[in-house]
Amino acid sequence: MSEAIFLLGLSFLLVVVCLTILLLTAIPTFQELGKAANSVVRLADTLTRELPATLEAIRMTGLELSELSDELNQGAKSAGEAVKQVNDGIKGVRQSASSATIATKSAFAGIKAGLKSLGRPRRQRRSDPYQEKIRSNNQSIRDLESFSDDEDDASNQGRLITPDDIRSEGFMGDLNSED
């Protein structure tokens, strides 16, 4: 029986020694856990102080980004309108250039025809007594009317232009197929 008590006492002693070793090794762990808890508390305080400002900054940044995107959309629309106006301007310039080209060609054709006609001998103009009297202004209008009545019979036959006259005299004869 004394041997059983001895073994029981020895077991208690071993359990006490093991618990003591366990406590001795757990103390630094408990100290580190305390330090970690203090860090968590500081972190929570920091988050409590800093997080609302950060969240407000993030919210303001989101609003600014939405405003910037709206401005970019308006800028893109304005740029599209400007491009459309430039395109319309280019079309107008093309039309003006086409008109100017046609006008220039017409002017050169007129100058060319004028130079050709200057190179040809001139026909003698028949003096028109009616025109000379108007220019000289020597006679009154009544005289001119009487003159025109007198001259109408004689000159109207000469002034009457028939299609044969147009073909035979100078009207169409001045223009060649080359002109």
Side-chain angles (χ1 to χ4, degrees), residues 15-123 125 128 130-132 134-137 141 159-179:
V15 169
V16 170
V17 170
C18 287
L19 286 176
T20 304
I21 291 171
L22 180 68
L23 285 174
L24 289 176
T25 56
I27 287 174
T29 304
F30 289 139
Q31 286 177 348
E32 291 299 322
L33 284 174
K35 286 180 185 177
N38 285 337
S39 296
V40 168
V41 168
R42 279 190 243 138
L43 178 64
D45 289 341
T46 303
L47 288 176
T48 304
R49 281 184 273 136
E50 299 292 328
L51 194 59
T54 304
L55 290 176
E56 182 68 22
I58 290 171
R59 190 176 64 86
M60 294 300 291
T61 303
L63 291 175
E64 289 175 359
L65 285 175
S66 66
E67 288 176 6
L68 286 174
S69 66
D70 289 342
E71 289 177 6
L72 283 174
N73 287 336
Q74 289 177 353
K77 286 180 184 176
S78 297
E81 290 175 5
V83 167
K84 185 178 179 182
Q85 288 177 352
V86 167
N87 193 17
D88 291 343
I90 289 171
K91 286 180 183 176
V93 167
R94 283 183 183 165
Q95 290 175 351
S96 297
S98 176
S99 299
T101 302
I102 291 170
T104 303
K105 286 180 180 178
S106 299
F108 280 122
I111 290 170
K112 185 178 176 183
L115 289 175
K116 281 185 178 180
S117 69
L118 284 175
R120 292 183 182 163
R122 289 187 164 197
R123 293 188 199 149
R125 279 187 161 177
D128 190 8
Y130 184 74
Q131 293 291 332
E132 289 178 5
I134 288 175
R135 287 184 189 145
S136 66
N137 203 11
I141 295 175
R159 299 188 73 182
L160 184 63
I161 299 171
T162 61
D164 293 334
D165 293 337
I166 291 173
R167 284 186 218 117
S168 65
E169 293 182 8
F171 291 100
M172 299 296 284
D174 290 343
L175 297 176
N176 295 331
S177 61
E178 298 171 356
D179 296 335

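All heavy atoms count here, side chains included; hydrogens, waters and symmetry mates do not.
- To the nearest 0.5 Å, the span separating CG on Leu68 from CG on Leu63 amounts to 11.0 Å.
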Give the table of side-chain donor-acceptor pairs shorter than 3.5 Å for residues 82-111, with sequence neighbours excluded, one pair per line with atom names and distance.
{"from": "Ser96", "atom 1": "OG", "to": "Gly92", "atom 2": "O", "distance (Å)": "3.0"}
{"from": "Ser99", "atom 1": "OG", "to": "Gln95", "atom 2": "O", "distance (Å)": "3.1"}
{"from": "Thr101", "atom 1": "OG1", "to": "Ala97", "atom 2": "O", "distance (Å)": "2.7"}
{"from": "Thr104", "atom 1": "OG1", "to": "Ala100", "atom 2": "O", "distance (Å)": "2.6"}
{"from": "Ser106", "atom 1": "OG", "to": "Ile102", "atom 2": "O", "distance (Å)": "3.0"}

Show me the donor-acceptor pairs within less than 3.5 Å that the side chains of residues 20-41 make with the rest of the protein, sequence neighbours left out.
{"from": "Thr20", "atom 1": "OG1", "to": "Val16", "atom 2": "O", "distance (Å)": "2.7"}
{"from": "Thr25", "atom 1": "OG1", "to": "Ile21", "atom 2": "O", "distance (Å)": "3.1"}
{"from": "Thr25", "atom 1": "OG1", "to": "Leu22", "atom 2": "O", "distance (Å)": "2.9"}
{"from": "Ser39", "atom 1": "OG", "to": "Lys35", "atom 2": "O", "distance (Å)": "3.1"}

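- Between the CD atom of Glu50 and the CG atom of Leu55 there is a distance of 11.0 Å, given to the nearest 0.5 Å.
- Residue Lys116 holds its NZ atom at 4.5 Å from NZ of Lys112, rounded to the nearest 0.5 Å.
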